[in-house]
Q: 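Next up is a structure, given as structure tokens.
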Amino acid sequence: MKIFFLFIVLSFFGATSYIDAQEINYDESKVPNYTLPDPLVFENGKNVLSKTDWIKKRRPEILHLFETQVYGKIPKHSKETHFKVMNEDKQALGGLATRKEIAVYFTKSDNHYMTLLMYVPNKRNGKTPLFFGLNFKGNHAIHPDEKITISEEVLKLGKRVPKRGAASSRWPVEMLMEKGYALATVYRGDIDPDFDDGFQNGVHPLFYKKGQTKPASDEWGTISAWAWGLSCAMDYFETDKDIDAKKVAVLGHSRHGKTALWAGAIDERFAMAISNDSGCGGAALSRRKYGETVAKINSLFSHWFCENFKQYSNKEENLPIDQHQLIALMAPRPVYIASAIEDQWADPKGEFLSGVHATPVYGLFGLTGLPVKEMPKVDQPVLQGRIGYHVRSGNHDIKQYDWEQFVKFADLHFK
Ligand code: GCU
């Protein structure tokens, strides 16, 4: 009774969040000792000896583990994606760019689609490389451009529909146009709204087997659904004569950073993946249990992952993989990991170490992954390898500074 009373008093003063915060470790000296699964050792203990071993056997083995234990398999179905260019304006942004909006239909019916917003620089020589990623607030929030359609999914928010341009600090459209890159984005809610409704909305029900009402325990959560949606957009890019589909960088901030890495892993048509502050379930090593942990993410955002992932809450050592292997799945393609020093929830050091421990896989291809083993100082990007990294000063966000590094990294690999 006394304890119950104490709990009521503490809750009244908002102290439960204090108690909660106590469970989160931000002390480097309290990071447990851990052994990471070696990307270059098969499940049966044999060594991966060659590039062919990696491509033919070890990569599929790791991919399968991420599919069945972390993000969930995308059900087999014949992809019937088709597209309609809804409008195209060659004089957008005062003539700087061409704006297009494309309906990407998920099945052969015209009922379920997402709207892809694209800007392509008008000053270009032939096909353009592209940055592509999900947005949080709707396509219309990435830029004040009045002509951007507000998606039906966003309109459902009623009074909470974000203002035009509300997220423009995160999308330096003009800078990208000037640097010769196209930009494409999709509101993630067009693919799967970001809340737990037992997978009744979004794309999941479109692919349920007869009688199925929710994904099986090894089937797709929301991150897999979002990643699948990104692949549907890739089907479109392959048909767009303005876009160099061999130079598409999939990128994302935070939950969308987790998604970008997973999209790059499952769809090798993405030539580059960029993770910004992706943290737990993204670039950060789970076994460090620093900042957000598997248990935390499973309790706060259980719909992001497959049901099987729940068994690893507080049991990270039982995970058959860790997140450095997600980075390794990009090899030999370039991948960039960005952290922010004040974003300790996302564990910047754990994000950096994933790059370090993915590096031997690049070695199999005769390439350098991350060229350094010590974490660089704040605002000193490491751009020379196939794995790029920076830790920016400041908080959890995606800023002009981050984009400037992504562009430099893309210039090195795409131009
Ligand atoms: C929460 C969540 C993170 C996630 C972030 C975001 O903080 O715990 O895992 O990356 O939201 O997507 O903004």
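Counting starts at 1 for both ligands and their atoms, following the listed order.
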Q: Which residues satisfy the ring pair (Phe, Tyr, Trp, His ring centres under 6.0 Å) test with His64, sequence neighbours excluded?
A: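 Counting only residues at least two positions away or on another chain, His64 forms no ring pair (Phe, Tyr, Trp, His ring centres under 6.0 Å).
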Q: Using a strict cut-off of 4.0 Å, indicate which atoms of ligand 1 neighbour a heavy atom of Ser254.
A: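 Atoms satisfying the 4.0 Å criterion: 4 (C), 5 (C), 6 (C), 10 (O), 12 (O), 13 (O).
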Q: Hey, which of Asn276, Asp402, Asp379 is the one that makes side chain to side chain donor-acceptor pair (under 3.5 Å) with His390?
A: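 Filter result, single survivor: Asp402.
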Q: Decide whether Tyr208 and Glu219 meet the rule of one side-chain donor and one side-chain acceptor closer than 3.5 Å.
A: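 No, Glu219 and Tyr208 have no side-chain donor paired with an acceptor closer than 3.5 Å.
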Q: Below 3.5 Å, can you tabulate the donor-acceptor pairs from side chains in residues 408-415 to any protein atom, sequence neighbours excluded?
A:
unit_1	atom_1	unit_2	atom_2	d
Lys408	NZ	Gln405	OE1	3.4
Asp411	OD1	Tyr181	OH	2.7
Lys415	NZ	Lys179	O	2.7

Q: Give me the ring orientation class for Phe301 and His303: parallel if the planes are under 30° apart, tilted from 30 to 60°, perpendicular past 60°.
A: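 Because their plane-to-plane angle lies in the 30° to 60° range, the rings of Phe301 and His303 count as tilted.
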Q: With atoms numbered from 1 as shown, which atoms in ligand 1 lie under 4.0 angstrom from a non-hydrogen atom of Trp304?
A: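 Heavy-atom distances to Trp304 below 4.0 Å select 4 (C), 9 (O).
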Q: Measure centre to centre between the rings of Trp226 and His256, then say whether the value is under 6.0 Å.
A: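 Distance test on ring centres: under 6.0 Å, yes.
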Q: With atoms numbered from 1 as shown, which atoms in ligand 1 lie under 4.0 angstrom from a non-hydrogen atom of Ile297?
A: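 In order of numbering, the contacting atoms are 9 (O).
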Q: Hey, what's the ring geometry for His253 with Phe136, parallel, tilted or perpendicular (30° and 60° as the breaks)?
A: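 Tilted, since the angle between the ring planes falls between 30° and 60°.
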Q: Which protein heavy atom lies closest to atom 7 (O) of ligand 1, and at what distance to 0.1 Å?
A: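 Nearest protein contact, heavy atoms only, for atom 7 (O) of ligand 1 is Trp345 NE1, 3.2 Å.
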Q: Looking only at protein heavy atoms, which one is nearest to atom 9 (O) of ligand 1, and how far off is it?
A: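 Nearest protein contact, heavy atoms only, for atom 9 (O) of ligand 1 is Glu292 OE1, 2.6 Å.
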Q: Tell me, which protein residue and heavy-atom name are nearest atom 2 (C) of ligand 1, and how many Å apart are they?
A: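 The closest one turns out to be Phe301 CE1, 3.3 Å.
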Q: Relative to the heavy atoms of Lys258, which atoms of ligand 1 are at a distance of less than 4.0 Å?
A: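 Going through ligand 1 atom by atom, the ones under 4.0 Å from Lys258 are 3 (C), 4 (C), 9 (O), 10 (O).
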Q: Which residue supplies the protein heavy atom nearest to atom 12 (O) of ligand 1, what is that atom called, and how far is it?
A: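 Going by distance alone, atom 12 (O) of ligand 1 is nearest to Arg255 NE, 2.5 Å.
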Q: Within the structure, is a non-hydrogen atom of His396 found at a distance of less than 4.0 Å from ligand 1?
A: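 The answer is yes: ligand 1 sits under 4.0 Å from a heavy atom of His396.
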